[in-house]
Amino acid sequence: MKLHALLLVSMLLFGCSLGGETQNPISDTNYRTGNSGLELQLLDGAPPDNVYEATTFQVGLEVRDSGASDIANGRLVLNYEPDYMYPLSQQTMQLGLKGKSIANPDGEADVRFFNIKTKNLEALSETHKSLVSVSACYAYQTVASEGICVDSDIYNRIQDKACKAETLQLDSQGAPLAVTKIEPKFFIDDNGKLNPSFLIFIENKGNGNVINKNKISDFCSNLKVDKDDWNKIEVSANLGGMPLRCEPLPFKLKGQNDFVRCGLDNGLDKPEAAYTSVIDVTLDYGYTFTVSKEVTIDKLKLT
Amino acid sequence: MNKSLATILIVLALFLFGCGSTQSSQEGDINYKTGTQGVEMNFMDNMPANVVYDGDVFNIGMEMWNRGTEQVPDGVFYLSGFDRSIITAARDANMPVRSDVIPIPNDGSGVQFTFMGDSDMRTQYNREGGYRQYLFTGAVVLPRQTTRLNVPIRVDACYLYNTEASVSLCLDPQPWKTNFEKACNAGAITGTGSQGAPVSISGVEQESVAGGKRLRLKVTVTNSGSGTLLDPAYAIPNCPNLFNPLDINRVEVESVTLAGNLVNDCKPQLINMGNSGTGYFYCEDIPISQQDNSYITTLIVKLRYGYKVSIQKNIELRSTGG
């Protein structure tokens, strides 16, 4: 009898707990969030705070692709004071990492090391503070894909309809460049066709700078870079699978909050009722940023 | 003791079941011409489902009733709310081809419907009204970059309808004579209730003119349903969203008879109901029978109009992550 009661209670407890908790379906996770792309983190003690002259030390980095896109041809470049130290291994490294996904919800990570040797200090110097830094340059992509209302009722005469054309306020898409707002505008042309156009607002929400994605290697090298290659973004957009023409192209991001205008060249047959479609905006660009640490080189005193 | 108990129980049972079996009003006696419903629709359970995945073929099931007391000689409904390049026409490969399962119209064309005959409307013998079922199939084709999309599935239906109201009216050919008891009191009638249609006659005011020989009527018409009134001339061709402001909130006065005689001078013939959903028409110069006392007669008003009703369900389309 006691055993039966115990079994019944156990069934109630576990039965209730199994059925009571709702779980998010697997396909519910959205990886296109956040403002990060490539993240660099200097490892503790690599480099150390103090090093002696004529000794070897390491600059260690944890590199992680925390964004939603993959990095294929990224570059890491070591920067140092050549009068006080020199690299023992390569100064430049190639980088390839996969972004967030179901298989890798935090994004792919790796650890990289640069080996450096300090030179002897001048005879009269006891210490010298020197900045060691690593710059990253990589090509990245921001993809914003949102439902948008296509509505030919441009004067809002119909109150009850499937959707209303409204400005979309967006946050982030798992990349340092974000599409923050999409403003739809519709008008009827002389042929009775519906012409949609969209103002797409773009903001640099990351901790670095936007560069021309075709000049990645130039930026992370000693080569001179053209000022026109800063803040250069390739913008493409589609509405329901139909390509939109965007201008100005090439697009140069001015300030924190700039916009590009995209429209459909031939217009749409005027729909009888409002409907929800998809607007896809893809930004292709390069990105660069630097992490650094001050290292104190101490004179080696031999007793 | 047992016998007494059994007797008590039997008597109790007789009271309970005997009292409960009072016969309700006989068939045919029910005033069925009430209510403000016309054509109603709803989506069938889980058709569409709340979440549909990229590449899936899914069903949209819709039920339609004629819960009013009139026929629907002409009606059309449209599926909308979604991009037809994302939800496309498809046939379910696992289902045998049936004529009653319709691929979602790719060109946005409408589906005609009617409700004709006694079995298709509410009558004293048919309390449910007419019923239809429609099944559509569609396939989801999400753009490559899209992981999820919230999409409304909307049905707009436009149909022609009538309201026929029969109102008892007291007429007084000698309103100035008050020195005898009148058979009935002539005056305004309000709260005439509903007439088994979304538009109802909600009040009648009368005024005796020409020394009691003629009558002037003011009839109040109300949109008591939850849909949109449409000019019957444009309800079908301009459905669902091509109406201009002059096509909306319009009711046509089809005929007015008083005491069996057609009343000719009623205006306006096309009532503007306005956004308030209430309108009026006036009938002038109606001759009435000259009797010695007031008397009750019947005013029959027939209205004709278009009506638009809509239903909508929001579903989520999800990519499969492939």
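We name chains A, B, ... by the order of the sequence lines, and we start the count at 1 in each one.
Separating the CD atom in A/Q141 from the CD atom in B/Q145 is a distance of 6.5 Å, to the nearest 0.5 Å. To the nearest 0.5 angstrom, A/M242 atom CE is 6.5 Å from B/D83 atom CG. Taking OG1 from A/T276 and CG from B/N314, the interatomic distance works out to 8.0 Å, rounded to the nearest 0.5 Å. Here A/Y275 contributes atom OH and B/I87 contributes atom CD1; the two are 12.5 Å apart, rounded to the nearest 0.5 Å.
Of the residues considered (A/K161, A/E146, A/R157), A/K161 shows the highest number of contacts with chain B, using heavy-atom pairs under 4.5 Å. Of all the listed residues (B/T228, B/V151, B/I86), the one sharing the greatest number of non-hydrogen pairs under 4.5 Å with chain A is B/I86. Top candidate by heavy-atom pairs under 4.5 Å with chain A, chosen from B/G81, B/C239, B/S80, B/P245, is B/G81.
With a threshold of 4.5 angstrom between heavy atoms, A/D160 approaches chain B through its backbone and through its side chain. Heavy atoms closer than 4.5 Å to chain B are found in both the backbone and the side chain of A/A273.
In this structure, A/N266 places its CG atom where only 12 or fewer heavy-atom neighbours from other residues, nucleotides or ligands lie under 6.0 Å away. Within a 6.0 Å sphere centred on NZ of A/K193, heavy atoms belonging to other residues, nucleotides or ligands number more than 12. Open room surrounds CG on B/N275; 12 or fewer heavy atoms of other groups in view lie less than 6.0 Å from it. Around atom CG of B/D45, no more than 12 heavy atoms belonging to other residues, nucleotides or ligands sit under 6.0 Å away. More than 12 heavy atoms of other shown residues, nucleotides or ligands fall within 6.0 angstrom of atom CZ in A/F289. Counting heavy-atom neighbours within 6.0 Å of B/R304 CZ, excluding the residue itself, gives a total above 12. Residue B/N42 places its CG atom among more than 12 non-hydrogen atoms of other residues, nucleotides or ligands, all under 6.0 Å distant.
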Derivation and outcome, side-chain contact (heavy atoms from CB on, under 4.5 Å), residues A/D153 and B/N241: CA-CA 9 Å; A/D153 178 32; B/N241 289 315; over 6 Å; no
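Here the closest heavy-atom approach between residue A/D280 and residue B/P143 is recorded as OD2-CB, 3.6 Å. The shortest heavy-atom contact between B/P152 and A/A162 is CG-O, 3.7 Å. Of all the heavy atoms in A/G240 and B/S85, the pair that sits closest is O-OG, 3.4 Å.
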